[in-house]
2 protein chains.
Amino acid sequence: MTRPQKASADLSAQIAAAIRDAIVSGELIVDARLPSEAELSTQFCVSRPTVREALKRLAAQSLIRTQRGATGGAFVNRLSYAEAYRQQITTSTLLLSMNEVDFETACEARYTMERACAPLAAERREDEHLNRMRSEIARQQEPDLADSDFCASDVGFHRALVDAAMNPVLSYQLAGAVEAMQPLMNMITFISPYRETLIALHIRIADAMEQKDASSVVAGLDDLQRETMALSRKAIAKRAART
Amino acid sequence: MTRPQKASADLSAQIAAAIRDAIVSGELIVDARLPSEAELSTQFCVSRPTVREALKRLAAQSLIRTQRGATGGAFVNRLSYAEAYRQQITTSTLLLSMNEVDFETACEARYTMERACAPLAAERREDEHLNRMRSEIARQQEPDLADSDFCASDVGFHRALVDAAMNPVLSYQLAGAVEAMQPLMNMITFISPYRETLIALHIRIADAMEQKDASSVVAGLDDLQRETMALSRKAIAKRAART
DNA sequence: GGATCTTAATTGTCAGACAATTAATTGTAA
DNA sequence: TTACAATTAATTGTCTGACAATTAAGATCC
């Protein structure tokens, strides 16, 4: 954790980079305590506010956590799957919403990845996953369900499918792809007949999962992608017609 | 951008959350200028250092950028693909390194996702991608190449394959999976005969890509996964024997 | 021994100041 | 009038010093 090198950047950014490097390189291991803010400020020859800004940067990336009190301080944080999920989702959501990624590209990416999970999911699925899928389907059949809740349930259904692959790294990677689609999906209005088509496909996929029939799951996802894309085209056409 | 609600957290965290919500919800659009630090400090009834800590948190997530000078200030940042890649990779790398994710799980996730790209990649690949793959193979055949450079080239090869799918969202999602494996791969020593096996598979995959033969690409990736896992088991066994 | 108080260390927050940077404005000369 | 230089104002970057809040450890008392 020596003096940072890259000039022409904020001191706080330089210090944050230096500490981050120390963490990533393993020089600072999980749960290790960093020097106190006062010590860091003398080490780096900067004031405490500057050190604090650096620490806040790291905290924003969940690289450290801080504790007040006598034995408090900043500690290297173990990045939990839950935290990683959260960051993955926010980053993906922002990327999709701010970069004007068209629906088809995002949709293709999502279903491509999801199809990849299907073989593992079909083979390893447990009753828990099947139950989650079934209960989301039941929710989707509620007649007075709002569009946004329908989409949320859709996300839940697909996450259950992904989780069934029993590979946490895969679940983590897919989390972004699946959840980030929700805002885009929310722009589609799911009127009754369309919902029924999607639900029928969900049922088909769940049945295939129950029988551990991987190729049918893949085929179901294929159809679901086609259906979703067709729906989005309709929504876009309708929006264009209105203007 | 009203007063934050969640109590019992740092003021700077609350303020950061409030501004982040305003950005995510679209209340603050890309390139919009936030109020100056002085204004924010009066708006939120906190001191300027506290506001600054909040802004640094957001800057760490590339949600804003700051500019000094007369017309300076904090601006909502458009999250570029490059930025998103970077964040994706650091998060994935940390998750894998700090959570003691075993090699097989990470490897399975990576190859599962990569196989999913294969059909699109085989169909859409351009000469550029093929050239990148070939040149990485050439690099891998250099006799004096260090293990870490061999791994880096391996990553380059696979990224070219993923990019050939011509879907930036997919490339973004895969970036984490592929790059985060590199530190894990670096723990394997690639002695000469093993390298040749991997290179042969790379050549097989590149040839299949050239002929746009999707199923052969998938089969090649399958074998590559098996080979990589076998190699890692050997490395682990050797390490265990040494102690 | 156990409960309570004190103390010290540490982070959280504040106020005020000055330096550095940058664009707009103003002044000046060709 | 135009081109260029100096000034000015706004803003972020940084520092100093202080105090509040929190927490664990030690000291004290019963």
Side-chain angles (χ1 to χ4, degrees), chain A residues 1 3-20 22-23 28 30-77, chain B residues 1 3-20 22-23 28 30-77:
Chain A
M1 204 152 56
R3 197 64 200 280
Q5 62 285 46
K6 190 181 286 173
S8 79
D10 295 8
L11 286 176
S12 69
Q14 291 175 44
I15 293 166
I19 299 176
R20 178 166 34 242
I23 294 174
L28 284 169
V30 168
D31 290 333
R33 182 181 175 282
L34 271 63
S36 71
E37 295 175 354
E39 287 177 89
L40 285 172
S41 68
T42 60
Q43 267 187 42
F44 286 106
C45 305
V46 296
S47 66
R48 196 156 81 89
T50 303
V51 167
R52 283 181 61 79
E53 286 178 11
L55 294 179
K56 293 313 165 199
R57 292 178 117 109
L58 299 174
Q61 298 177 299
S62 330
L63 273 134
I64 60 168
R65 61 179 185 280
T66 53
Q67 247 179 350
R68 287 170 79 162
T71 58
F75 299 84
V76 178
N77 210 7
Chain B
M1 205 151 59
R3 198 65 201 281
Q5 64 283 46
K6 190 184 278 177
S8 78
D10 295 8
L11 286 176
S12 69
Q14 291 176 44
I15 291 166
I19 298 176
R20 177 165 34 240
I23 293 173
L28 285 168
V30 168
D31 290 333
R33 181 180 176 283
L34 272 63
S36 71
E37 294 175 354
E39 287 176 88
L40 285 173
S41 69
T42 60
Q43 267 186 42
F44 285 107
C45 304
V46 296
S47 66
R48 195 157 83 90
T50 304
V51 167
R52 282 181 62 79
E53 286 178 12
L55 294 179
K56 293 313 164 201
R57 292 178 117 110
L58 299 175
Q61 299 177 298
S62 333
L63 272 126
I64 60 167
R65 61 180 184 279
T66 53
Q67 245 179 351
R68 288 170 80 161
T71 59
F75 299 84
V76 177
N77 210 7

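This is a predicted model, so every value here is computed, not measured. Below, read A as the first sequence line, B as the second, and so on, with proteins coming before strands; counting in each chain starts at 1. Only this structure's heavy atoms are used, side chains among them; waters, hydrogens and symmetry mates stay out.
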* Structure fact -> Heavy-atom closest pair (Ala59(A) atom, Arg57(B) atom, distance to 0.1 Å) is CB-NH2, 4.0 Å

* Structure fact -> On a heavy-atom basis, the closest approach of Ala54(B) and Ser12(B) is CB-O, 3.3 Å

Rounded to whole angstrom units, what separation is found between the [atom1] atom of [X] and the [atom2] atom of [N]?
| X | N | atom1 | atom2 | answer |
| --- | --- | --- | --- | --- |
| Leu11(B) | dA21(D) | CG | C1' | 12 Å |
| Phe75(A) | dA24(D) | CZ | C1' | 12 Å |
| Glu39(A) | dT10(C) | CD | P | 6 Å |
| Glu37(B) | dC14(C) | CD | C1' | 15 Å |
| Leu40(B) | dC14(C) | CG | P | 13 Å |
| Ile15(A) | dC15(D) | CD1 | C1' | 13 Å |
| Asp10(A) | dA19(C) | CG | P | 19 Å |

* For the pair Asp31(B) and Arg65(B), find out whether any cationic side-chain nitrogen is under 4.0 Å from an anionic carboxylate oxygen. =>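 Between Arg65(B) and Asp31(B) there is a salt bridge, with a charged N closer than 4.0 Å to a carboxylate O.
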
Close side-chain approach of [X] and [Y], heavy atoms under 4.5 Å:
| X | Y | value |
| --- | --- | --- |
| Leu55(B) | Leu40(B) | yes |
| Ile19(B) | Leu58(B) | yes |
| Arg20(A) | Gln61(A) | yes |

Without placing hydrogens or testing angles, list every side-chain donor-acceptor pair under 3.5 Å for residues 44-52 of chain B, not counting sequence neighbours.
{"residue": "Ser47(B)", "atom": "OG", "partner": "Thr50(B)", "partner atom": "OG1", "Å": "3.2"}
{"residue": "Arg48(B)", "atom": "NH1", "partner": "Glu37(B)", "partner atom": "OE1", "Å": "2.3"}
{"residue": "Arg52(B)", "atom": "NE", "partner": "Glu53(A)", "partner atom": "OE2", "Å": "2.8"}
{"residue": "Arg52(B)", "atom": "NH1", "partner": "Glu37(B)", "partner atom": "OE1", "Å": "3.3"}
{"residue": "Arg52(B)", "atom": "NH1", "partner": "Glu37(B)", "partner atom": "OE2", "Å": "2.8"}
{"residue": "Arg52(B)", "atom": "NH2", "partner": "Glu53(A)", "partner atom": "OE1", "Å": "3.3"}
{"residue": "Arg52(B)", "atom": "NH2", "partner": "Glu53(A)", "partner atom": "OE2", "Å": "3.4"}

All N/O pairs under 3.5 Å across the protein-nucleotides 16-18 of chain D interface:
{"residue": "dA18(D)", "atom": "N6", "partner": "Arg48(A)", "partner atom": "NH2", "Å": "3.3"}

* Structure fact -> Judged by nearest nucleotide, the residue sitting upstream toward the 5' end of DNA chain D, Ser12(A) or Ala70(A), is Ser12(A)

* To do: Identify the residue among Asn77(A), Ile64(A), Val30(A) that makes a side chain to side chain contact (heavy atoms under 4.5 Å, CB included) with Ile23(A).
  =>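 Looking at Asn77(A), Ile64(A), Val30(A), the match for Ile23(A) under the side chain to side chain contact (heavy atoms under 4.5 Å, CB included) is Ile64(A).
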
* Taking only heavy atoms on the protein side, list every residue of residues 50-69 of chain A lying under 4.0 Å from any atom of DNA chain D, sorted numerically. => Thr50(A), Arg68(A), Gly69(A)

